**Q** 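Dumping the structure here so I can ask a few things about it.
So you know, we letter chains A, B, ... as the sequences are listed, proteins then strands, and number each from 1. Only a predicted model underlies this, so the values are computations on that prediction, with no experimental measurement involved.
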Amino acid sequence: MNKLTYIFPVVIVLFIAGACSDDFVNTQPLSEVPEEAVWKDPGLSQAFVTDIYNGLGNGGFDEQMLASLTDEAMFTHPGRGINTITEARSNPADIGWVNNTLNWPNMYARIRACNLAIQNLETPQFENTSQISASVLKGEALFMRAYFYHQLLRYYGGVPLVDRPYTLGEADYTIARNTFAECVDFIVNDCDQAAQLLDGKAMPSGRTSKAAALALKARILLYAASDLHDIATASANSSGIANFSNKDVLGYTSGTRVERWQKAKDAAKAVIDLGGGYELSLAAPVSATQGTANYANMSLSKNGGEKELIFARYFINAKDEGGAWVGRNNGPNGYHNWAGNTPIQNLVDDYEMMDGSSFDWENTAHASAPYTDRDPRFYATILFDGAPWKPRTADAAGKDPYNEIQTGQYQIVNGSGSVVSYFGLDTRQSSIEDWNGSRTGYYMKKFIDPDPAIVDQNTRQQIPWPFFRYTEAVLNYVEACIELGEEAEAIQWLNKIRFRAGMPAVADAGDALRQRYRNERRVELAYEEHRYHDARRWMIAPTTLGRKAGRINIIGTLKAGKDVKVYKYDPANYDYVYEPLDIDPGIENRAWLDKMYFLPIHRDEMNRNNKLVQNPGY
Amino acid sequence: MQEILQTHINLSKIMRITLSQIVVMLILTGISRAEVGKAQSVLDRNVTLTVEHVSLNKALDKIEKSASVRFVYSKNFISLRQEVSFSAEKEKLESLLNKLLGPLNIRYEVIKDRIVLNKIRTEEDDDPLEAASENTDAIPVADILTISGKVSDADGQGLPGVNILVKGTTNGTTTDADGKYSLQAPDESTTLIFSFIGYATQEVEIGGRTTVDVTLAADVQQLSEVVVVGYGEQKKETVTGSVATVRGSDLVKSPAVNLSNSLAGRMPGVTVVQASGEPGYDGSTIRIRGSNTLGNNNALVVIDGIPARTGGFERLNPADIESMSVLKDASAAIYGARAANGVILIKTKRGKSGKPQLSYSYNQGWAQPTVIPKLASASQFAEMRNELEIYNLPVAEWSAANTAFKQTGSYTRPNGSVVSAPYTPEDFQKLNDGSDPWGHPNTDWFKSTLKTWSPQSRHNVQLSAGNDNFKYLASVGYQNQDAFYKNAATGYKQYDFRINLDANVNKYITTSIGMLAREEYRFFPTRSAGSIFRMLMRGIPTQPAYWPNGMPGPDIENGENPVVITTNQTGYDRDKRYYLQTNGQLDITIPWIKGLKLTGTASVDKYVKRTKRWEIPWYLYTWDKVSYEADGATPKLSKGARGPAEPRLTQGDEDQLNVLLGGIITYDRKFGNHALTVLAGTNRETIEFDNFNAYRRFFISSAVDQMSAGGNPEKNNGGGAWERARLNYFGRVAYNYKEKYIAEFLWRYDGSYMFPKNTRFGFFPGIMAGWQISEEDFFKNNVTFMNYLKLRGSWGKMGNDNITLNWDGSLLEYQYLSTNAFRSYIIGGQEVGTIYETKVPNLNITWEVANNKDIGLEGQFFEGKINFEFDVFFNKRDNILLQKTGSIPQTTGMTLPPQNIGKVQNRGWDFLIGYNTQIGELSLTTSINGGYAQNKILFWDEAPGAPAWQRTTGRPMYTFMAYQYDGVFKDEEEINANTLDYSAVTNTLRPGDMKYKDYNGDGKITPDDQVRNNRTNIPLFQGGLNISLGFKNFDCSILFQGAAGGQVYLSTGESGSIGNYVLEVYQNRWTIDNPSSDHPRIADRSNQYYSNNNTYWLKSSNYIRLKNFEIGYTVPAAIGEKAGINKLRIYMNGLNLFTIDKSSVFDPEATNTLGQYYPQSRIINAGLTVTF
């Protein structure tokens, strides 16, 4: 008998007995922070609040941009749900493209985070540090809640207002939509509180601020005063709204418009009075070159243009995020980029001539040189045929050593001396990635860093996305003034914006002034996620969003006796013919239906919550 | 204590536990003993015999004849001359032997079919066992003709203990430890019958030979097989659960590198689907009796008794596997909270007694895709590309544009603008006649990128030997698998090493140790297989893969040209995984309580993973179609960098340690006709994991791929850790009466770290019962053609604690805790850390509950010539962990935790029918098996409101909705005749658009007209037909495998301006010239409403394929012996050799609807096994 025979059974029995202690099964997540620790620690509390900003996504710099739902741009690639909306085919089972920065579940998830923060910061459980203050964190959370509700409000109309964090196991989660007025009041109230809590605080870039809170308030009050949300006006323009039984979720059924415009005006003025902005104290127009430079400085947030920013989403090289790929997503195929949100002719045509007159295809001078003498902002916003751009990559340099955009079809002389047709590098018949060519003949330039060291195909940029910039508040102020009949005040501020761009002063009145303002806003804020909302709230969508998208067809014919082997834009060598055409219906067949004023609430959410009322037309 | 113990030992003479090659565990206690395995059936034989005063050897001789048994003993130990007398009348052999041998101090032991006699030893004696087995001798019989030879198994291993009987007599012998035998035969026409447990009985006519070597073929269905079950092994007759098995010797017949791909068609009720063949990631999804839950459906894998080992079983060396059992029903209940989806038990090979045997096997295989999709040629593509351009125009202009394109390549529109055809008539001519390889190539992207055959090889060396006290098996394996690509940067290499040791430390203690070391080396280019095959599907045939001068052509997109991407020109992506797994077991027979045994188990599994991803720029050549070299004729190519702007390196490390400690008490005794096994045990398991990763870019050069050579800006790193733990108690009570009435109760009390304290522990019982009808007299007397029939049934309750997200498979841990995880955001120009609420906690979360019922019938006809097994099952899964996304409004903003809400039922059947026979020298073993499972969602928080035909509840899981295809609008006339409102799907109907059925009859085509389908891409039925043939030295095995009841969704995906079309689309499509009423107009990148989401694209995925085929030849022993070779077998085999299916565009097992995946392999392999 071996001693082991006695020892082992004892060991095994002891082990079995010992296994009865199950403490070791209480493992903990090692890479996460327990909830109860968060609100006792200023650093963690701040980290929680900071994360709420992630609800802003990539700002407006996703591959699909809101501009492509409007008469600013069209999206080149099929299958992204874009034309579900532009062709007015949205329905509750298939809404179409909805970015996560406005998407219903995402917004409400972020609102929950805000509610958690607001609730836990009500009675702070930590001592403020020199860096972190509970009241500032609460102010940030209030602002963000207001921002997310404002996103929902401008797409859906009134939505259920949730101001507390739900818990699991509650008996009833159903909740009705609040009225439009209630939502506006809620947002304004959050903004006011946030502005108060953030008053006098120096906030680093990326965080909100008092100015941002006031700017949000100004925007939502401007929307509130607009045609779409004045039920009387809206009903006159839309049978869908007129026949809708829950009109108060879409707008005001009582009160006066003057009162609402006055509120909007005051709120905008409050932002203006905080100071800031870029080059807005000019008494006369700057030069065209300077106008283009000024506008580029603002869109690129460089050389002082960053002063425009009130609230923005920043990108840095250290973190690879989608919003840093704007150049690749939108740049020309001839640079191996993807040509996503290409400007359409409708936008190009709306840039005034340098002298302040309208562009007109009937005018042969205009039609033969459509990219000459236009509003200087045009040159900072849009890449057009012949526009100078970054150096081509090695494989394209031979065809375009001049680094100019080629969106036309030109004649060149080939090796054997015969004249042949050549499709530009940035067309859909290009020798480079033709399927990524623009369908419109234009490319987006605004927001793309022109630094030649940034090869958009494989290099990120660091341009921030502007949620609120100073000029928007000025434009909001101008709009309210016009609607209140305070035209002199309106014109004064409008001209400041125009002078900065190198455009002459305006002197219109009445509806002409309104139209002038609207065009000014369209041009100044192009690609900044305003047009989709502006066109709807002004109720001009049928003729703008619903209009067929336009493109340009450019033919360059060699002049007699000219011998060009490598194409370059040169009116001395070529006769150019510019022909504006509609985008073919097989590609995108834009249309407008009344229902498109508001997005449908998804059928699944309607099913989850029987108190919800669907928007009209769905 | 000491005194009692001593006395007891003297009385009862505890002997040993034998761990033979099939681990028959015998607990010998004095003369009487409780035995498991074959022994009992031998001992149950009736003997009628009277002897008076004869010598013992004579008496044994008579018993041999009377009871058809063989005695084996050594003359050195057994005195044969002592006289004995006895009288038996229909007495059980066991009782007779007890009476006869007990007084003579002779013990006996049944090993296989032999009864080994030995002297009962006293405490002081040397271990007798070794001596006994080394010096056995058969009792001499009349000396007429001496035949000798060797009996070996299919691997050439000598089989000890094989029964050899002279046909028509009871004369016979058994083979020795090396498988050799010698016996006397009456004449030259004698036929010998070779029989052995687990092998097909073979009859051989000696035909004048004096040396008769025989190879016995394994017989899966033979009775008395030992089946591995949870925490033990059972005789097949006494198994009451539904257990499917496959032997290692069958698995090695498959040339598949990944073991999981060798299982299809071999086990009834085990569904195997291989979705990808990419080296390193080519594993099959295995489902036991289909899918049972909306959560995770993966079975628990137990290797050598240790559950859920890292690395699973996919990469085990098939040559190391003894057997695989799949517990399909309540028999899995002993694994408790992880057993709901069934359990796969794997037992590795262990050493065998005998002289050292060294075997080496070498396999050289060649693989290719099972299916290469047929795509349009350059001119066919060009035709369609032109059509796309036309379809952008208003319909009224189509016809004119079509004509103009064909005639001149240019169409002038009524508004004066000119539309150019992407391909002019001149282009078509060049594409067709191949006269311009620079400008108008006709590229077959698959052919350009893939080679015809990709080599793979496998080497294996195995050494095994042992005696009764110590046995070992050592195995070394190497595998090398190349990818389908030419000059592939992709591949898989594996080195593995295993040692299994078994030792009897003393009479009471036996121990076994297993150790595995393995390196898995996966390597890839810096683009995934998905993106590479996306490129191949997208590759436009009018673009060159290579220029005529051999330089790689331009990119398809983003710098990607597959002929370059698939090589090492983009850098590399390496993944090395190291496993060091050790498990040990110690069995102690408790001397003072008969039948009691303690077992201690421990396993320590270490896993380390190291990844390194090195991305460098690569170069492609483009031609602008206008520049020429100085000669004016040679196109001038420009070389351009693609990919990352500069070299980048990402490295990662993972480290994991699994420790399991366990103890088991087993009480195993037989009381007369009553056999009882009681087992109780406990396991504690812990897993610790941590990882670390780092990233740098801006490397100065591609020459140095080391982290420190990277630049400082934008460098990044990360890391994390987790811990997991489980504690459980389990047991089994098995009882049988004469093996006729069998009952078993299994249980586990299981605690998982996945759940909070109050719901952590659960009790999981299983009850099983069996009735061996064939043991009943009424049956025996009446149904003579049927030698075995058993009815069995089981019910069990098991759990599933594997809460995973369906879309990415990530484990949802700590759902009962309120915690915050980390993210970041850009503030003040810096990336700052943020935290966010991961979910709203569910304080009551617990495991899913499986209620599985099974009834089975199994039997044999004609002495095992035909065998069958049939099971029906009914599974109901409750408490399925699901997020209540169906009913909780999103306005709550909550990230919902899974809650125990779902209910799914799954019912079906599986069967196996086998037939084996011997026709002359031809042996045939064949079996057919299959399994059918159909599940149904009973409840899963589906919101009300969806129309009945779209509801998921009451339907199988994972079904989807689709519009009902109803033909195609052939022309304007048909569109004009249309009365349905299509505005929700398109705002203009055009010829070639698809018609949908207005399912709800409201006159409008809306999303409400989508109908939920009842089928999914998981087949309802899967089965296999196995045929094994042996003829002289040749052997052959064939496995056909098939599936039915599934469907695949084929999509045109990116076909169009950025991708090629499958040929079928080209051939069928609606065109202006040849309008179709059945097939729609082509779309560009699926941009038409009918491109997706309708039944037109659904195809049946039913298939039958020759899954596995092997033919082998064993070189006659006489030839091999001269070279010192014990056995030499050469063979050829193949996998997925051909397939009959309907869809035929992709492999029927494909789950990717776009063909953007690495296809399954067809493998042809040649190999040899040599044993020394």
**Q** For the pair A:Asp51 (side chain) and B:Thr834 (backbone), establish whether a donor and an acceptor sit closer than 3.5 Å, ignoring hydrogens and angles.
**A**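 No; judged by distance alone, with no hydrogens or angles, the pair does not exist.
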**Q** By a 4.5 Å heavy-atom criterion (distance strictly below it), what part of B:Pro897 contacts chain A: side chain, backbone, both, or neither?
**A**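 Only the side chain of B:Pro897 comes within 4.5 Å of chain A.
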**Q** Can you tell me how far apart NE2 (A:His336) and CD (B:Glu557) are? Round to the nearest 0.5 Å.
**A**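 Taking NE2 in A:His336 and CD in B:Glu557, the distance rounds to 11.0 Å.
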**Q** Out of curiosity, A:Asn414 CG to B:Tyr628 OH, how far, rounded to the nearest 0.5 Å?
**A**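 Rounded to the nearest 0.5 Å, the CG-OH separation comes to 7.5 Å.
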**Q** Please look at A:Asn436 and chain B and tell me whether the side chain, the backbone, both or neither of the residue comes under 4.5 angstrom of a heavy atom of that chain.
**A**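 Interface part for A:Asn436: side chain.
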**Q** Pick one of side chain, backbone, both or neither for A:Asn91, based on which atoms fall under 4.5 Å of a heavy atom in chain B.
**A**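 For A:Asn91, the side chain is the part near chain B, not the backbone.
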**Q** Taking side chain as everything from C-beta outward and backbone as N, CA, C, O, which of these in A:Arg603 sits under 4.5 Å from a heavy atom of chain B? Side chain, backbone, both or neither.
**A**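 When you check distances to chain B, only side chain atoms of A:Arg603 fall under 4.5 Å.
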**Q** For B:Glu397, is it the side chain, the backbone, both or neither that has a heavy atom under 4.5 Å from a heavy atom of chain A?
**A**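 No part of B:Glu397 comes within 4.5 Å of chain A.
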**Q** Please examine the side chains of A:Met107 and B:Gln890, heavy atoms only from C-beta on, and report whether any two atoms are closer than 4.5 Å.
**A**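 No, every pair of side-chain atoms sits at 4.5 Å or beyond.
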**Q** Tell me which of these, B:Lys715, B:Lys757, B:Lys636, B:Lys884, has more heavy-atom pairs under 4.5 Å with chain A than the rest.
**A**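 Ranked by contacts with chain A, first place is B:Lys757.
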**Q** Using a strict threshold of under 4.0 Å (side-chain N to carboxylate O), is an ion pair present between A:Asp320 and B:Arg697?
**A**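 Between A:Asp320 and B:Arg697 there is no salt bridge, as every charged N stays at least 4.0 Å from the carboxylate O atoms.
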**Q** Would you mind checking which part of A:Ile111 comes under 4.5 Å of any heavy atom in chain B, side chain (CB onward), backbone (N, CA, C, O), both or neither?
**A**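 It is neither, since no heavy atom gets under 4.5 Å.
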**Q** To the closest 0.5 Å, what do you measure between CD (B:Glu389) and CZ (A:Arg428)?
**A**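 Atom-to-atom, B:Glu389:CD and A:Arg428:CZ are 7.5 Å apart.
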**Q** Quick check for you: to the nearest 0.5 Å, what is the distance between B:Leu727 atom CG and A:Asp23 atom CG?
**A**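 Rounded to the nearest 0.5 Å, the CG-CG separation comes to 10.5 Å.
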**Q** Using the rule given for side-chain contact (heavy atoms from CB on, under 4.5 Å), can you reason through A:Ile316 versus B:Glu831, listing the C-alpha separation, both sets of side-chain angles and the distance that settles it, and then say yes or no?
**A** CA-CA 8 Å; A:Ile316 60 171; B:Glu831 182 176 2; 4.2 Å; yes
**Q** In terms of heavy-atom proximity below 4.5 Å to chain A, should B:Asn728 be classed as side chain, backbone, both, or neither?
**A**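 Looking at B:Asn728, nothing touches chain A.
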**Q** Tell me the closest heavy-atom pair linking B:Ser1057 and A:Trp435, and the distance in Å.
**A**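 Between these two residues, the closest heavy atoms are O-CB, 3.6 Å.
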**Q** If you look at every heavy atom in B:Gly833 and A:Ala47, which pair is closest and at what distance?
**A**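 Heavy atoms only, the tightest pair is O-CB, 3.7 Å.
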**Q** Is the number of heavy atoms from other residues, nucleotides or ligands under 6.0 Å of B:Gln830 CD greater than 12?
**A**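 At most 12 heavy atoms, drawn from other residues, nucleotides or ligands, come within 6.0 Å of this atom.
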**Q** Is there a donor-acceptor contact under 3.5 Å from the side chain of A:Lys319 to the main chain of B:Ser824?
**A**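 Such a contact is found between A:Lys319 side chain and B:Ser824 backbone.
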**Q** Can you check whether A:Asp395 reaches B:Lys639 side chain to side chain, under 4.5 Å on heavy atoms?
**A**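 Sidechains of B:Lys639 and A:Asp395: no contact.
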**Q** Could you tell me if the side chain of A:Arg112 sits less than 4.5 Å from the side chain of B:Met894, heavy atoms only?
**A**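 Yes, close enough: below the 4.5 Å cut-off.
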**Q** Does any non-hydrogen side-chain atom of A:Glu32 lie less than 4.5 Å from one of B:Ile835?
**A**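 Side chain of B:Ile835 against side chain of A:Glu32, heavy atoms only: no contact under 4.5 Å found.
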**Q** Evaluate the side-chain proximity of B:Arg726 to A:Val25: yes if any heavy-atom separation is below 4.5 Å, no if none is.
**A**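 Result no, sub-4.5 Å side-chain heavy-atom pair not found.
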**Q** Mind listing the closest non-hydrogen atom pair of A:Ser31 and B:Gly720 along with its distance?
**A**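 In terms of heavy atoms, the two residues are closest at OG-CA, 3.7 Å.
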**Q** For A:Lys611, I'd like to know if atom NZ has over 12 heavy atoms of other residues, nucleotides or ligands within 6.0 Å.
**A**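 Check passes, neighbour count above 12.
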**Q** As an exercise: rank B:Gly640, B:Gly829, B:Gly893, B:Pro554 by heavy-atom pairs under 4.5 Å with chain A and give me the winner.
**A**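 Top count of heavy-atom pairs under 4.5 Å with chain A: B:Gly893.
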**Q** For B:Tyr814 and A:Thr27, run side-chain contact (heavy atoms from CB on, under 4.5 Å): C-alpha distance rounded to whole Å, both residues' side-chain angles, the deciding distance at 0.1 Å, then the answer.
**A** CA-CA 9 Å; B:Tyr814 305 110; A:Thr27 61; 2.6 Å; yes
**Q** For A:Arg313, is it the side chain, the backbone, both, or neither that has a heavy atom closer than 4.5 Å to a heavy atom of chain B?
**A**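 A:Arg313 touches chain B through backbone and side-chain heavy atoms alike.
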**Q** Are the side chains of B:Thr891 and A:Glu605 in touch, meaning some heavy atoms are under 4.5 Å apart?
**A**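 Touching, per the 4.5 Å side-chain cut-off.
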**Q** So for B:Ser420, is it side chain, backbone, both, or neither that comes closer than 4.5 Å to the heavy atoms of chain A?
**A**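 Contact with chain A: side chain only.
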**Q** Ion pair present between A:Arg608 and B:Glu942, side-chain N to carboxylate O less than 4.0 angstrom?
**A**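 A salt bridge is absent here (no side-chain N lies under 4.0 Å from a carboxylate O).
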**Q** Can you check side chain to side chain donor-acceptor pair (under 3.5 Å) on A:Asn26 and B:Arg760, steps first, answer last?
**A** CA-CA 10 Å; A:Asn26 281 321; B:Arg760 178 171 297 151; 2.8 Å; yes
**Q** State the CG-CG distance between B:Asn558 and A:Asn458, to the nearest 0.5 angstrom.
**A**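 That separation rounds to 10.5 Å.
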**Q** Below 4.5 Å from any heavy atom of chain B, which atoms of A:Ile555 appear? Answer side chain, backbone, both or neither.
**A**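 A:Ile555 has no heavy atom closer than 4.5 Å to chain B.
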**Q** Any side-chain heavy-atom pair from B:Leu817 and A:Pro34 closer than 4.5 angstrom?
**A**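 No, too far: nothing below the 4.5 Å cut-off.
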**Q** Return the minimal non-hydrogen interatomic distance between B:Ala645 and A:Thr459, and the atom names on each side.
**A**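 So the minimum-distance heavy-atom pair works out to CB-OG1, 4.3 Å.
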**Q** How about B:Thr892 and A:Val162: do any of their side-chain heavy atoms sit closer than 4.5 Å?
**A**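 No. Closest side-chain heavy atoms not under 4.5 Å.
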**Q** Checking heavy atoms, do the side chain of B:Asp690, its backbone, both or neither come under 4.5 Å from chain A?
**A**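 Neither part; nothing is under 4.5 Å.
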**Q** Assess whether side-chain contact (heavy atoms from CB on, under 4.5 Å) is satisfied between A:Val33 and B:Thr819, documenting all intermediate values.
**A** CA-CA 5 Å; A:Val33 184; B:Thr819 57; over 6 Å; no
**Q** After noting the C-alpha distance and the side-chain angles of A:Ser431 and B:Trp623, does the key distance pass the side-chain contact (heavy atoms from CB on, under 4.5 Å) rule?
**A** CA-CA 8 Å; A:Ser431 53; B:Trp623 178 43; over 6 Å; no
**Q** Heavy atoms only: give me the nearest B:Asn987-A:Ala591 pair and the separation to one decimal.
**A**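 B:Asn987 and A:Ala591 have their closest heavy atoms at ND2-CB, 4.1 Å.
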**Q** Given the options B:Asn1087, B:Ile888, B:Leu393, which has more heavy-atom pairs under 4.5 Å with chain A than any of the others?
**A**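 Among the listed options, the one with the most contacts to chain A is B:Ile888.
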**Q** Have a look at B:Tyr825 and tell me which of A:Tyr53, A:Phe48, A:Phe315 forms a ring-ring contact (aromatic ring centres under 6.0 Å, His included) with it.
**A**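 Only match with B:Tyr825 under ring-ring contact (aromatic ring centres under 6.0 Å, His included): A:Tyr53.
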**Q** Closest approach of B:Ala946 and A:Asn607, non-hydrogen atoms and distance?
**A**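 Scanning both residues completely, I find the closest heavy atoms to be N-ND2, 3.9 Å.
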**Q** Between the side chains of B:Thr988 and A:Asn589, is a donor N or O closer than 3.5 angstrom to an acceptor N or O?
**A**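 Judged by distance alone, the side chains do pair up.
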**Q** Does any backbone or side-chain atom of B:Leu896 lie under 4.5 Å from a heavy atom of chain A? Answer side chain, backbone, both or neither.
**A**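 For B:Leu896, the contact with chain A is made by the side chain alone.
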**Q** Is A:Arg177 close to chain B through its backbone or its side chain, or both, or neither, when contacts mean heavy atoms under 4.5 Å?
**A**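 Nothing of A:Arg177, per the 4.5 Å heavy-atom cut-off to chain B.
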**Q** Rounded at 0.5 Å granularity, tell me how far CD in B:Glu685 sits from CZ in A:Phe24.
**A**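 One finds 8.5 Å between CD of B:Glu685 and CZ of A:Phe24.
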